[in-house]
Structures are given as C-alpha cells and as structure tokens.
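Quick note on labels: first sequence line is chain A, next is B, and so on, each numbered from 1. Since we're looking at a predicted model, the values are computed, not measured.
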There are 2 protein chains.
Amino acid sequence: MKYCSISEVSAKFNIPESTLRYYEKKGLLPLIERDEAGRRLFSENQMTLLEIIIYLKNTHMPVKGIQQYVNWVVEGDSTTERRLEMMKNHKQAVLAEISLMKVALKAIDVKITRYKNRMISMNNEMKDQLIKNGEEEV
Amino acid sequence: MKYCSISEVSAKFNIPESTLRYYEKKGLLPLIERDEAGRRLFSENQMTLLEIIIYLKNTHMPVKGIQQYVNWVVEGDSTTERRLEMMKNHKQAVLAEISLMKVALKAIDVKITRYKNRMISMNNEMKDQLIKNGEEEV
DNA sequence: GGTTGACTTAAACCATGGTTTAAGTCGTAT
DNA sequence: ATACGACTTAAACCATGGTTTAAGTCAACC
C-alpha cells in the first residue's frame, strides 16, 4: 500500500492543502493516518474516496450530504441500501439541474443570436451612413 | 404597460420578496419605479430582465457578473458587443460545467450499479443461509 | 377612527465553504 | 548546530448570497 503526503495529494487533485485539511476536519476524509512526525498519510483508499468526493462536489452535493455518505462508507456494508438510495436521489437531482441549465442555455443562445444580429445591423447602418456621406460629398 | 407589485412578482417567479429587494439593491434590477406610497412597481421590461437574471443564476453566473451585464443593458446599444462576448463566454463556461457534471454522473452510476449488485449478493447470502439452516434442521 | 395587511428602510444576522494566520515541530542539507 | 522547508494546530477571517429584524408608513376596511 502506497501512501501520499498532503502536498502530493494536493498536486495530484489540484486541491489546496488547506482544503484537504478542512475536508478532514469536516469528516469528508476519515481515518487519515499520520507518520512519526504527525504528518498526514493518504492511503490509496482515501484517494479513491477523495475522487468520489470531488465528483459529488462537482455535482453540488453539500458538504453535509457528503459527510453523511462518508459516514455510511465507514460504517460498512450495513449501510449499502442507504447509500444506494442517496446516490439514486442525487442522480435525479443532478439530472434536474442539468436540464435546468440546458433550458437556460437556450435563453442564452437567443441572446447571443439577438446580439449578433444587432451587431450586423449596426454595422450595416454605419456602412449606409458612409455611402450616404459619400454621395453627399460627390 | 402593466405594472406588478413586489408580491405579484414574488409569486410569479417564486422568489422571496427579500431577494427581489436584495437584487434591486445590488443593481440587478435597475430603475424600478415607485407608486405614491413608495411601493415598487415592476414593469414588463423588468420582469423580462428578471427572467434572464434567473437563467443566469441557474447557470451559476455570480451576482457581480449579472451586475455588469445589467449595467451594460442599461447603458444601451453601445454595449452590444460586450454583452455578446459575455454571453458567448458564459455559454462556454456552462457547457464546460455541464460536461463536468456528466462525467461525475457516470461515476455516480458506477456507484449505483455497485450498490445494487451488493444488495443482490447480500440478499442471496441471506437466502443461502436460510436454506442451509433449513437443511440442517431437517 | 382604529386596526389590519402590505409595504418601506437600514442594518444586523446567517449558512456555506473554504482560506489565512500565528505559533510551533520536525527532518534534512550545509 | 543551524537554517530551511514542509508540515502541524486552533482560531480567526473571508466572500458569497441571501434572510431576518426592527421600526415605521400608508391605504383600506369595519
């Protein structure tokens, strides 16, 4: 089993060390061992857990939810059903959020189209103006 | 032009009145008129703006960004190009976020599958145990 | 004409999710 | 042996995005 220091984990996952300490304190990263000097040693398992924590964060699960999930992981197989329920619910929440974002994207696209067209007509008006000025000057 | 009171807007968009007041204070809802008694009157235009603000919030644009956008809207056609750029950038950010979420969803699906299978095997083990006990009792 | 109910304000308060600071301990390279 | 860099802790601090509170105004109904 290979262990990583906090700086290695920080570099690997691109997460500040302060955040990793904060996650430990909040119970998101449980049972981290220490070396003789008291420095954290992250096991493979913990890094795998960190990976899923990052996925849960990327899908906006609040820290408290992740905390609950991690507690259940630590508790072991007796919590499998609760974890299954949690992940199923979370999946639905994420799907709902994604579709909300997609609806918003459409509205944003409408804006983009409108602004593009406005740019074009403003451009045309400028040209017309130049031509008109040209005629008047001839 | 029809105007709405704050309670009507709150009900229509399902946003607390306190939040609408906060948005006004932060400059997200500019130029709101008042009746003789000092109560807010939301115009059609402002409600259209509120709708796009909600879309921008749903796609996680920070209040400061929305503020900037609204300032440009108020400023008028001379800011069309900047608004176009902003919306194009924001669209890319949203697409990136959605794809991050979709990657996470796959990891969540893996968990769901794993937990389902574990439930099944735990179930089977229980049945085996029952059968074994049955045989021993015969 | 007094009590409701809907609104107003400024300012204090809150939750979330970290980040920063200060003071101190190791282990190693010079 | 000492200086340096990497780490430790607890506690204070911060940004974001609201929400709540307290004190007051107004219009309308009874």
Side-chain angles (χ1 to χ4, degrees), chain A residues 3-43 46 49-50 52-71 90 93 97 100-101 104, chain B residues 3-43 46 49-50 52-71 90 93 97 100-101 104:
Chain A
Y3 288 92
C4 285
S5 72
I6 195 168
S7 57
E8 286 166 336
V9 177
S10 168
K12 189 162 180 170
F13 291 93
N14 198 25
I15 290 182
E17 300 184 8
S18 63
T19 303
L20 293 171
R21 294 193 189 100
Y22 167 77
Y23 284 178
E24 185 194 20
K25 194 160 57 179
K26 282 285 174 173
L28 306 196
L29 294 170
L31 310 172
I32 295 176
E33 295 175 54
R34 306 295 163 119
D35 67 8
E36 326 75 43
R39 279 167 293 184
R40 288 167 182 80
L41 292 175
F42 291 78
S43 70
Q46 271 146 0
L49 184 59
L50 180 53
I52 174 83
I53 288 172
I54 291 168
Y55 287 135
L56 294 177
K57 292 206 79 62
N58 284 348
T59 49
H60 311 125
M61 181 179 285
V63 169
K64 281 191 183 172
I66 301 178
Q67 227 171 72
Q68 174 67 272
Y69 173 72
V70 170
N71 287 344
H90 184 55
E97 197 183 345
L100 204 62
M101 291 176 81
Chain B
Y3 288 90
C4 286
S5 72
I6 195 169
S7 57
E8 286 167 336
V9 177
S10 168
K12 189 162 180 171
F13 290 94
N14 197 27
I15 289 182
E17 300 184 7
S18 63
T19 303
L20 293 171
R21 294 192 190 100
Y22 167 76
Y23 284 177
E24 185 193 22
K25 194 160 57 179
K26 283 285 175 173
L28 306 196
L29 292 171
L31 310 173
I32 296 177
E33 295 174 53
R34 306 294 164 119
D35 66 9
E36 326 75 45
R39 280 167 292 184
R40 288 167 183 80
L41 292 174
F42 291 78
S43 70
Q46 271 146 0
L49 184 59
L50 180 52
I52 173 84
I53 288 171
I54 291 168
Y55 287 135
L56 295 177
K57 292 207 78 62
N58 284 348
T59 49
H60 311 125
M61 182 179 285
V63 168
K64 281 190 183 172
I66 301 178
Q67 227 170 72
Q68 175 67 272
Y69 173 72
V70 170
N71 288 344
H90 184 56
E97 197 183 343
L100 204 63
M101 291 176 81

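Where A:Y22 and A:R39 each meet DNA chain C at their nearest nucleotide, the meeting point lying more 5' is that of A:Y22. Residues A:K25 and A:L41 both approach DNA chain D. Their nearest nucleotides, taken by heavy-atom distance, put A:L41 toward the 5′ side. The residue among A:E36 and A:T19 whose nearest nucleotide of DNA chain C lies closer to the 5′ end is A:T19. Mapped onto DNA chain D by nearest heavy atom, B:K64 and B:P16 fall at different nucleotides, with B:K64 at the one closer to the 5' end.
Here the side chain of B:R40 is nearest to one of C:dG18, C:dT20, C:dT9, namely C:dT9. If you check D:dA6, C:dT8, C:dG27 against the side chain of A:S7, the one that comes closest is D:dA6.
In this structure, CD of B:E24 is placed 14 Å from P of C:dC7, rounded to the nearest angstrom. C:dA6 atom C1' lies 8 Å from atom CD of B:E17, rounded to whole Å. Spacing between atom CD of B:Q67 and atom C1' of D:dG17 amounts to 12 Å, rounded to whole angstrom units. Note: CD1 (A:I6) to C1' (D:dT8) measures 10 Å, nearest angstrom. Straight-line distance from the CG atom of B:D35 to the P atom of C:dT8: 8 Å, rounded to whole Å. Between the P atom of D:dG18 and the CG atom of B:L20 lies a distance of 11 Å, rounded to the nearest Å. Whole-Å rounding puts the B:I15 CD1 to D:dG17 P distance at 14 Å. The CD1-C1' distance, from A:I32 to D:dC7, rounds to 14 Å in whole Å.
Considering only side-chain N and O atoms, B:Y23 lies under 4.0 angstrom from the phosphate OP1 or OP2 of D:dG18. Using a 4.0 Å cut-off, some side-chain N or O of B:K57 falls inside it from OP1 or OP2 of D:dG18.
In this structure, A:Q46 contributes its side chain and A:L29 its backbone to no donor-acceptor pair below 3.5 Å. Although no hydrogens or angles enter the test, the distance criterion places a donor-acceptor pair under 3.5 Å between the side chain of B:Q67 and the main chain of B:K26.
Nucleic acid contact class of B:R21 (heavy atoms, under 4.0 Å, all strands): base.
Only one option out of A:L50, A:I32, A:L49 pairs with A:F42 in a side-chain contact (heavy atoms from CB on, under 4.5 Å); it is A:I32. The side-chain contact (heavy atoms from CB on, under 4.5 Å) test with A:S7 singles out one residue from A:E17, A:R39, A:R40, and that residue is A:E17.
When the shell of 6.0 Å around CG of A:D35 is examined, it contains more than 12 heavy atoms from other residues, nucleotides or ligands.
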